[in-house]
Amino acid sequence: MTTSSLEASNSIAIDFVGVHKWYGRFHALRNINLSVRRGERIVVCGPSGSGKSTLIRCVNRLEEYQRGLIVVDGVELTQDIRRIDEVRRDVGMVFQSFNLFPHLTVLENCALAPIWVRKMPRRDAENLAMQLLTRVKIPEQSSKYPGQLSGGQQQRVAIARALSMNPRIMLFDEPTSALDPEMVKEVLDTMTALAQDGMTMIVVTHEMGFARQIADRVVFMDNGEIVEINAPKLFFDNPQHDRTRLFLSQILR
Amino acid sequence: MAGTLSVAQALAYVRKASEPEEPPPMLLSGPLVWVRDNLFSSIVSGLTTLAFIALALWLAPPAIEWATTLAVWSAPDGSLCRQHQDGACWAFIAAKLDYLRFGSYPVSERWRVEVVEALGAGLTLWLLWPKAPRRGWAAVMFFAVYPVLTFVLLRGSETLGLPTVDTLLWGGMLVSLLTAVVGIVFSLPLGITLALGRRSQMPVVRLASVMFIEFVRGVPFITILFMANTMLPLFVPEAWTPDRLLRPLIGIALFSAAYMAEEVRGGLQSLGRGQYEGALALGLNYPRMMALVILPQALVMVIPGIVNNFIGLFMDTTLISVVGATDFLEAMNNAFKDPAWSGPTIVASGYAFAGMFYFVFCYGMARYSAFMERVLAKGHRK
Ligand SMILES: Nc1ncnc2c1ncn2[C@@H]1O[C@H](COP(=O)(O)OP(=O)(O)OP(=O)(O)O)[C@@H](O)[C@H]1O
Ligand SMILES: [Mg+2]
């Protein structure tokens, strides 16, 4: 499985092989094995503190892991800072708390990385940013500052910003958890559109409607380990593991 | 059951028409309203207002008369001032102004100082005016080109046909402003570097930064000046021994940098992890993340503290005379020694003028800081 998937890296977008992570003495990820195919949409769910964020943050090396191997687009993540930068350029990330740059306008937020990392001429980068803002349906907000937008609009800017590097993989860490209920839909719609365009996505979310509709597979984590992986229909209608059943009964109440 | 239902029905309510919008009941603005609300809002506030008006009427007119109508504005020497002892002697300042500005800088070369001053003023305006075009260039000019140009012009260069002027001859406002500008130009970048060093992942860098910052903050400025004066020559090779004026300049830049570093660190700490992660996730490397995302926010947040440091630095320039430099205040003291200008009002006038000189610059910086805070608060509300 491991070597063959390394070679078949064209069809495998992300490969976790026996990944362990510790925070100090705390064992946060335990023997994670997961292969994400190109174009696949994975939804990760699980109780608070189960290691969902830690899992996806290992993909773009916002967190280090101590044992095992993660291969992203055929690039093995090592200590080598250039490789990490290479992977980060290829992987977009959207955070629960948006993490937009408040001192830059919406347009500047989206043009920053293309200009400074891709060395794109400013005019081209701004055109690209406008295209992306149109794609997330807020081109009219481009000259505002993030603080002047609603939460849903900010999260859509964050998605546009992540897309500005033209990533092949997108990671979402509870993108709708910090939003007021009436704004959740606009963000989920944006993500759905992205999924329909064939983007490889790992989404940590508790939006089970979204998981049912979009996910190819649902990963359930608890206590730092993957407990169950299944297609959404089977996962929700016929969960196999006790812990999955307990979790689903709690959130689907 | 039917009873409770009818009670609930009786309490139910559906709006039929919306409320009209009305103007506020009374006048809420205007100068009289302002006076009432701010100066005489209660008996205590009214009495306080009156007390301060009385105090101002008692103190201000004599001071203003002393400085204006009763003052001696021009005179060939001190004799006229000795006759008018109830007014300031501005004639003294006028007579000594050249010395107060340039010290003993050769008269024929003083145009060079004036060029440097004019350039400095122009660049400062360009850099500080928020709407000015190409402020990035202004920063490059101010922090990179201007210091070199200043050095060449003031010091002189035989190749350019400018006679060398020994720094022992420099003095007055020239030295005070030069010290302040050198301090500002070097302490801010140095302070930022130290602040980043203090938060570095590399233990050696971190330790070196912490040691420097804590050492300098633990030693009085005068001690730093004496140390710079006596120890720098010990540690650098003979040929490289810094000039006598350069030593206090190095001292003030290093001293101020340590305080600047602490201000900047405060700004860096107030930024959440999210900003770093947002930048890293986009593939920005460390220098770009710092320059484009982190520092712009951190520095803006601590503008008041940075400007406070600049103001403190400006005032500290008066101390460099302890190692033999002739700053503006020292030049003033020297000017008092002229027997032609001895008299009871001379010294008071001289110090009043010196006070105004320092006040104009420091108050200007304070106002600018307040102005920038307002501009930036408007720019991007959080
Ligand atoms: N920087 C850290 N230092 C120490 N422990 C950490 C750190 N970050 C996370 N942890 C711990 O690791 C565990 C997994 O954290 P993680 O953030 O991945 O959980 P999560 O599944 O995303 O939870 P949530 O749904 O609340 O976001 C938690 O028990 C948490 O306390
Ligand atoms: Mg989380």
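In this structure, the separation between CG on B:Asn285 and CD1 on A:Ile84 is 12.5 Å, given to the nearest 0.5 Å. Separating the CG atom in B:Leu284 from the CH2 atom in A:Trp116 is a distance of 10.0 Å, to the nearest 0.5 Å.
There is no contact between A:Val87 and chain B, counting heavy-atom distances below 4.5 Å.
In this structure, B:Glu277 and A:Arg57 have side chains that are in contact, with non-hydrogen atoms separated by less than 4.5 Å.
Heavy atoms from other residues, nucleotides or ligands lying under 6.0 Å from CD of B:Gln201 number 12 at most. More than 12 heavy atoms of other shown residues, nucleotides or ligands fall within 6.0 angstrom of atom CZ in B:Phe143. Atom CZ of B:Phe371 sits in a crowded spot, with more than 12 heavy atoms from other residues, nucleotides or ligands closer than 6.0 Å. In this structure, A:Arg37 places its CZ atom where only 12 or fewer heavy-atom neighbours from other residues, nucleotides or ligands lie under 6.0 Å away. Atom CZ of A:Arg25 has 12 or fewer neighbouring heavy atoms from other residues, nucleotides or ligands inside a 6.0 Å radius.
For the set A:Leu171, A:Thr105, A:Val91, A:Val117, the entry with the most heavy-atom pairs within less than 4.5 Å of chain B is A:Val117. The candidate from A:Leu62, A:Val94, A:Asp85 with the greatest count of non-hydrogen atom pairs under 4.5 Å with chain B is A:Leu62. Between chain B and the residues A:Arg118, A:Arg161, A:Met165, the most heavy-atom pairs under 4.5 angstrom are made by A:Arg161.
At least one donor-acceptor pair under 3.5 Å links the side chain of A:His103 to the backbone N or O of B:Leu292. Between the B:Gln297 side chain and the A:Phe101 main chain, no donor and acceptor come within less than 3.5 Å of each other.
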Passes side chain to side chain contact (heavy atoms under 4.5 Å, CB included), A:Asn60 versus B:Leu280? Steps please. CA-CA 9 Å; A:Asn60 61 354; B:Leu280 288 176; over 6 Å; no
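The shortest heavy-atom contact between B:Leu282 and A:Ala162 is CD2-CA, 4.4 Å. Between A:Met93 and B:Ala281, the shortest heavy-atom contact is CB-CB, 4.0 Å.
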